[in-house]
Participant: 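Below is a structure I'd like to ask you about.
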Amino acid sequence: MSSGLAASLAVIAALAVDAPCGTVDATPRSAEVPPLKSAYRGKFLIGTALDVPALEGRAPLDVQIATTHFDAFTCGNSMKPDFTQPEEGRFTFAQGDRMVEIAQRCGATPIGHTLVWHSQTPAWFFKGPDGLPPSRELALARMRSHIAAVVGHFRGRVKQWDVVNEAISDAPGEFLRPTPWLKAIGEEYIADAFRAAHAADPHALLIYNDYNIKRAYKRPKALRLLRSLLEQKAPIDAVGIQCHWRLDSPDLSEVEDSIQQFATLGLKVMVTELDIGVLPTRYQGADVGFRQLMTPEQRAALDPYPAGLPEPVALRQAERYRQAFEMFLRHRDVIGRVTLWGPHDGDSWLNNFPIWGRTDYPLLFDRQGCPKPAFFAVLQAGRAARRSARR
Ligand code: G3I
């Protein structure tokens, strides 16, 4: 271990002071440490995702962590098409409104996620009157009216939208994912979605969001799509890189190259769904359709920390977060936001992806709301950048 790494880990470990945490009668430690958002004020927004339990008042710890440490909130699910328009013409916005209310109460920026996606979109969107796929005109009308209704409802309150999510294919040689939207409308559905979102709220910042587009295999396709949108004068403002990472992948220099290449297009870059999983997995992505099976014999190997995160692993994760945030800070002129995909480890989708029922530890706070070494690493990185900015 390099002396620099040892020194930074020593600082992080020292900061992660032991204290009674998360016990029933103790204030969660998350309320007792410096707010993360203060260390990043003036650099970029630092956000988190609030999911259904928090927005239904069943997860006060999530709201406490979010309102104390973060200044941008994304709904993990509640603004997706299956939540906002479960049946044609019937809209439900209560959870999205709740997120906006919580955000406005603490001065955080509400982020909309997502308008057009192949997943979590009710089947009715893709059924014509005869039960067959809809005509191009019908699919376009449905997409446009969904966007107009949802963006219109949150107009002036939600400041950024993931307009189209994960439209690029992972398959070698295939540019766009063959989604029902692509099949019904054609490639132009993407630019059209951005135009519809802009018409519904001209002041909202509009984002194309995807996973692994900072990876060399997918980056060229992302650059091709973004250039095409810009050439069509689609009102796109930013590219969202989701950043669902592991302890040992991806290579941060590959990410940094991508951030720089996206920036040359004149687009902002948003880190939209950052988490760093610590469990072994072969799959490196976020295609929600992927599932890795696990036999009982494999469980010990694939779910190694059911009782808690060993400190050496926590420190490795902290170092990974430190390196990531130092890299983000180097590009804070381009990066407008870094959102962690959840307030604490118990909220993470990675507990059930790509294998159901594991215990992962991908975020900055543990299941009791205690700040982990990763929290202190991110806090340190922001503070150090602040100091260097003053010099
Ligand atoms: O709402 C239903 C509930 O009624 C039902 O009882 C329950 C039964 O399991 O399921 C609930 O829906 C779940 C939904 O989260 C809301 O909790 C779905 O099963 C579950 O699959 C869904 O998982 C979400 C995942 O997207 C699937 O699309 C995760 O919470 C969410 O964090 C994750 O986020 C995505 C981003 O939107 C896009 N980028 C990738 C990222 C990770 O997949």
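In this text the structure is predicted, and so the values were computed from the model without any measurement. Residues: numbered from 1 along the sequence shown. Remember, it's 1-based here, ligands and their atoms both numbered in the order they're listed.
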Participant: Number the atoms of ligand 1 from 1 as they appear, then name those within less than 4.0 Å of a heavy atom of D51, with their elements.
Facilitator: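 The atoms of ligand 1 under 4.0 Å from a heavy atom of D51 are 30 (O).
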Participant: I'd like to check whether W117 has a polar contact with ligand 1, where a contact means an N/O of the residue lying under 3.5 Å from an N/O of the ligand.
Facilitator: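 No - when backbone and side-chain N and O of W117 are compared with those of ligand 1, no distance drops under 3.5 Å.
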Participant: How about atom 21 (O) of ligand 1: does it have a protein heavy atom within less than 4.0 Å?
Facilitator: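 No, no protein heavy atom sits under 4.0 Å from atom 21 (O) of ligand 1.
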Participant: Taking only heavy atoms of N165 into account, list the atoms of ligand 1 that are under 4.0 Å away from them.
Facilitator: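 Going through ligand 1 atom by atom, the ones under 4.0 Å from N165 are 38 (C).
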Participant: Quiz question for you: does at least one protein heavy atom lie closer than 4.0 Å to atom 27 (C) of ligand 1?
Facilitator: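 Answer yes: something from the protein, a heavy atom, is under 4.0 Å.
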Participant: Return the residue, atom name and 0.1 Å-rounded distance of the protein heavy atom closest to atom 34 (O) of ligand 1.
Facilitator: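 Among all protein heavy atoms, the one nearest atom 34 (O) of ligand 1 is W341 NE1, 3.4 Å.
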Participant: Under a heavy-atom criterion of less than 4.0 Å, does D82 contact ligand 1?
Facilitator: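 Checking ligand 1 against D82, which is what was asked, there is no heavy-atom contact under 4.0 Å.
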Participant: Run the numbers for me: atoms of ligand 1, each under 4.0 Å from some heavy atom of E166, listed by number.
Facilitator: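 Near E166, the atoms of ligand 1 are 38 (C), 39 (N), 40 (C).
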Participant: Under 4.0 Å from atom 41 (C) of ligand 1, do we find at least one protein heavy atom?
Facilitator: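 Under 4.0 Å from atom 41 (C) of ligand 1, at least one protein heavy atom found.
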Participant: Of the side chain and backbone of N209, name the one, both, or neither that has a heavy atom under 4.0 Å from an atom of ligand 1.
Facilitator: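 Contact part for N209 vs ligand 1: neither.
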Participant: Tell me, please: is F353 in heavy-atom contact with ligand 1, that is, under 4.0 Å?
Facilitator: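 So F353 does not count as touching ligand 1.
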Participant: Can you check whether a protein heavy atom sits less than 4.0 angstrom from atom 12 (O) of ligand 1?
Facilitator: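 Under 4.0 Å from atom 12 (O) of ligand 1, zero protein heavy atoms found.
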Participant: Taking all atoms of both residues into account, what is the closest heavy-atom pair of L36 and H69, and its distance?
Facilitator: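 Nearest pair, atom of L36 first, then H69: N-ND1, 3.1 Å.
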Participant: Taking the minimum heavy-atom distance to atom 31 (C) of ligand 1, which of K80, E273, M79, Q120 ranks first?
Facilitator: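 That would be K80.
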Participant: Under the 6.0 Å and 45° cation-pi test, does R322 pair with F376?
Facilitator: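 No; the conditions do not both hold, so R322 does not lie above the ring face of F376.
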Participant: Considering heavy atoms of the protein only, find what lies nearest to atom 17 (O) of ligand 1 and give residue, atom and distance to 0.1 Å.
Facilitator: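 That would be N77 ND2, 4.0 Å.
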Participant: Under the 4.0 Å line, does any protein heavy atom show up next to atom 7 (C) of ligand 1?
Facilitator: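 When distances to the protein are checked, atom 7 (C) of ligand 1 has no heavy atom within 4.0 Å.
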Participant: Just list the side-chain donor-acceptor pairs under 3.5 Å for residues 297-310, sequence neighbours left out, or say none.
Facilitator:
from, atom 1, to, atom 2, distance (Å)
E297, OE1, T295, OG1, 3.3
Q298, OE1, T295, N, 2.8
Q298, OE1, T295, OG1, 3.3
R299, NH1, D303, OD2, 2.9
R299, NH1, G357, O, 3.4
D303, OD1, T359, N, 3.0

Participant: For F194, does the six-membered ring have the charged nitrogen or CZ of K233 within the cation-pi criterion, i.e. under 6.0 angstrom from the centroid and within 45° of the normal?
Facilitator: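 No; the conditions do not both hold, so K233 does not lie above the ring face of F194.
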Participant: Below a 4.0 angstrom heavy-atom separation, can you tell me which part of Y211, side chain or backbone, both or neither, approaches ligand 1?
Facilitator: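 None of Y211 does.
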Participant: Report the nearest protein non-hydrogen atom to atom 1 (O) of ligand 1: residue, atom name, distance rounded to 0.1 Å.
Facilitator: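 Looking at atom 1 (O) of ligand 1, the protein heavy atom closest to it is F83 CZ, 3.7 Å.
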